[in-house]
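Notes follow once the structure below has been shown.
All heavy atoms count here, side chains included; hydrogens, waters and symmetry mates do not. Chain letters run A, B, ... following the sequence lines, proteins first, then strands; residues in each count from 1. All values reported here derive from a predicted model rather than from experimental measurement.
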Amino acid sequence: MASIFVVSAERFIPLFPRLACQGVLLGCHPCFRLNMFSKGTKRKFSDGDEEISDESLVGARVASSYSLQRQSLLDMSLIKLQLCHMLVEPNLCRSVLIANTVRQIQEEMTHDGSWHMVAEAFCSAGQSPSERLVATEVLCRSREQDAEPKLFSVISYEGCREEEVVADETLCSVSVSDTVSNVCLAGRIGQCWEKSELSGVERDEEALEDSRLGSGEDEEIDTKDRASTESPKTIGQVFGTFEIKNGSPGPDSALEELFSDVDTSYYDLDTMLTGMQSAPKMGPYDILDSLAPSHSSPSIVSTPNCRSDLNELDHIMEIIVGS
Amino acid sequence: MGEDSESPKINHSFLRDYVTEADVISTVEFNQTGDLLATGDKGGRVVIFQRETESKGESEELGESGEYNVYSTFQSHEPDFDYLKSLEIEEKINKIRWLPQQNAAHFLLSTNDKTIKLWKVSERDKRPEGYNLKDEEGRIKDISTVTSLRVPVLKPTDLMVEVRPRRIFANGHTYHVNSISVNSDGETYLSADDLRINMWHLDITDRSFNIVDIKPANMEDLTEVITAAEFHPHHCQLFVYSSSKGTLRLCDMRESALCDKHSKIFEEPEDPGNRSFFSEIISSVSDVKFSHSGRYLLTRDYLTVKVWDLNMEKGPVETYQVHEYLRSKLCSLYENDCIFDKFECVWNSTDSVIMTGAYNSFFRMFDRETGRGVTLEAWRENSKPRAVLRTRRVYTGGRRRRGDVGVDSLDFTKKILHMAWHPAENIIAIAATNNLYIFQDRVNAENQ
């Protein structure tokens, strides 16, 4: 185990620039992650072989510092993607470049084998959901995947009825082709979060489903229900995880403020990438305001939008189905 | 507000300690003769400067320094709202391109994220006088008072510049338009957004041809976007477009109607020694320009400018480091989003010098013959008329000279993104936030 760290250190450390993360955006400093991560690492060392040579120990530290930096970069990238959700007109080029960076990190972490290790470290540490950034949500999910080493899982919505043509491929794509039907969203969320908050999940799961249906009328209608391919659909999955994050209540109200009221119509990738959402125009400073400890910050998006969309959608569906 | 961005050499905005967002210049372009210079800003306005000729009507001597003064100002685009998507459409002018002049009037294309407009700029310096049925104020005369007939005559008046929208090319783009380019055939032009390129006829506004479409069937598979596009200066069937992955694709419209398949692809293999997580981002091409000769391409990515020969696809023929000292700062630049800044690049009139912008109000010029680069600063302290620009240096090690700027003291909010070079002379226009700097090279003017 230790030798793997040494190899990766040699390969990567000279190339990876020293991070100077200030963690301005959410007030979650990288050192926060540093603590969490090093806890897991220490446990490993103490559990493992005591006869670790000095060399490999140093190498391991260097490697774990690299992993930390890489993790920081991943978190930063995911935050950027999330934030560009919020702005009215996300710059598509920037979003694509950030998403590619995320994909690259993910691939490297898979090859390193550190992906599952990190996932375990986080999930077993029993952190409350709100303290985890979106990345951790992703990490937890990956444990649920059976077949392919899918790192980011999709919200599989196999309960898609045929008439519900509005749900797009992202949502209908199946992670493993012949799993039992009706593996519903609630189940996935519930499995992922080992601790309490399940009630919170269920409450929001409904909102998620409704919102997803509600978003349908804006997007291109596509009846194909494609099974997913082997290669991980990074963009879809990355953005798919944001919706799960919505449902997390928790003591950290700042994060809660940020995510709870986000319009879930960005389920649709096309929607997300072209910025179709009913969020009012917000600059980066507005987001910082909404993160202030005071709970009086106005909600970012009014959720009634989803409800009225749903009613309109029902109406449209009736027309299409021809009742 | 607008006056500050209008005076090229003297600007009073230092009296304010903030920059009005709407005054930030977002594009600069000379016309084909260089007599007119157009700037567009974030507030949707276009300001046109005209070069004053000291001996109007007579042939100018080489090296005559005409100053650029405001010729006309107009509101090109207004903020708009897309009701279907509940999105605001910014009125910021992304690009301005002049049409070749065909008569006394001048035409230019200006575009924001969604809509391209063709504007006619014409002068009026005469007006008719002596109507029979109307009086001087335009009121209808009482016929009984008309005792004799006369022929109306044209009398000179003060010069009036009229700008009128002649065409509005709307609803052609789902994504944000980043480039427009007028074709050498004088009849068509292209407009490129993140995923598609359309070709328009200048006279037809309700239809356009889609000539490139890189939108994948599943948006999840999107990994590359179009960043810039331009027609070849002489061959009306050729155009090039650049991507966020650092590739250039030359397309020939004679091959097929939809040019998704390129004729040539220009790509430099990645240097494995410099690989990092930011490699792809810094390889994204922010601007591409054909040389005046049509033989070379100039591209700008985050750290370099490169010259490509159209006959050689495997790599650039020249690479110039703009600010290599930023390579170790990429993570911070990623965090503050500076790594996504889109710098433009320009050729000089003879294709022997290339220029691009950087941070801290610096811009760089590279002499292709010697391979040497120089750093200059666009800063109001230098803007006394006739002051000579002194070269600047960023300290990256070795002996530190007076006036060197350390990498950590660079101001990343002062970025030179937009610039233009006069088509015939050594006159450059540099946009620095809300200021426009026009520099002339007096020394070399006689050598042209």
Side-chain angles (χ1 to χ4, degrees), chain A residues 12 14-25 69-70 72-74 76-77 80 88-89 91-101 103-105 108 154 168-170 173 218 222 226 231 233-239 268-281 284 305, chain B residues 21 79 81-82 84-90 92 113-114 174-176 178 193-195 215-228 243-245 272-286 326-337 339-342 408:
Chain A
F12 291 111
L15 303 174
F16 197 86
R18 231 187 122 255
L19 286 188
C21 297
Q22 288 121 25
V24 176
L25 293 172
Q69 292 175 345
R70 183 175 60 186
S72 266
L73 185 62
L74 178 65
M76 200 195 323
S77 305
K80 280 182 183 297
V88 176
E89 297 194 82
N91 182 337
L92 186 64
C93 181
R94 178 177 170 273
S95 306
V96 166
L97 288 173
I98 297 174
N100 288 350
T101 307
R103 187 205 309 259
Q104 206 185 333
I105 297 176
E108 189 183 284
V154 220
D168 102 304
E169 295 124 52
T170 338
S173 56
D218 291 325
D222 193 338
R226 283 176 34 206
S231 59
K233 298 179 181 194
T234 314
I235 294 184
Q237 292 148 5
V238 164
F239 299 136
D268 176 28
L269 269 181
D270 207 63
T271 303
M272 192 287 310
L273 286 172
T274 59
M276 279 162 53
Q277 54 193 331
S278 46
K281 183 164 189 166
N305 280 340
Chain B
E21 191 70 10
F81 196 78
D82 182 339
L84 189 63
K85 300 180 186 176
S86 291
L87 280 182
E88 284 183 24
I89 300 174
E90 281 189 336
K92 172 169 81 97
D113 283 340
K114 297 287 184 189
T174 308
Y175 303 97
H176 293 174
N178 53 54
D193 66 28
D194 293 320
L195 297 178
K215 181 178 178 185
N218 188 353
M219 280 296 267
E220 287 177 18
D221 301 332
L222 180 64
T223 57
E224 195 173 7
V225 300
I226 297 170
T227 51
S243 80
S244 57
K245 286 201 167 166
N274 263 337
R275 190 154 162 47
S276 76
F277 285 120
F278 305 108
S279 295
E280 187 186 313
I281 299 179
I282 62 171
S283 72
S284 170
V285 174
S286 56
L326 294 185
R327 192 179 286 274
S328 54
K329 308 274 174 199
L330 289 179
C331 194
S332 311
L333 295 166
Y334 179 71
E335 191 187 359
N336 63 17
D337 272 5
I339 207 174
F340 301 109
D341 286 336
K342 293 198 183 321
D408 292 321

List the steps and the verdict of side-chain contact (heavy atoms from CB on, under 4.5 Å) for B:F278 and A:L73. CA-CA 10 Å; B:F278 305 108; A:L73 185 62; 3.6 Å; yes

Any side-chain heavy-atom pair of A:L92 and B:H176 under 4.5 Å: no

Contact between B:C331 and A:Q69 at the side-chain level, heavy atoms closer than 4.5 Å - yes or no? no

Over all atoms of both residues, closest heavy-atom pair of A:C93 and B:K342: SG-NZ, 3.5 Å

State, yes or no, whether a side-chain contact exists between A:N91 and B:F340 at a heavy-atom distance under 4.5 Å. no

Taking side chain as everything from C-beta outward and backbone as N, CA, C, O, which of these in B:T227 sits under 4.5 Å from a heavy atom of chain A? Side chain, backbone, both or neither. side chain

Closest approach of A:R103 to B:L222 (non-hydrogen atoms, all atoms of both residues): NH2-O, 4.3 Å

Interface moiety of B:I226 toward chain A, non-hydrogen atoms closer than 4.5 Å: neither

Per-residue contact mode, B:S284 against chain A (heavy atom under 4.5 angstrom): side chain

State, to 0.1 Å, how close A:Q104 and B:F277 come at their nearest heavy-atom pair, and which atoms those are. OE1-O, 3.5 Å

How far apart are the closest heavy atoms of B:T223 and A:N100, and which atoms are they? O-ND2, 2.9 Å

Taking it one step at a time, do B:E280 and A:T101 satisfy side-chain contact (heavy atoms from CB on, under 4.5 Å)? CA-CA 8 Å; B:E280 187 186 313; A:T101 307; over 6 Å; no

Of all of B:N336, B:D82, B:I281, B:D113, which one pairs up most often with chain A through heavy atoms under 4.5 Å apart? B:I281

How would you list, by chain and number, every residue that makes a salt bridge (Lys or Arg N to Asp or Glu O under 4.0 Å) with B:D337, sequence neighbours excluded? A:K80, A:R94

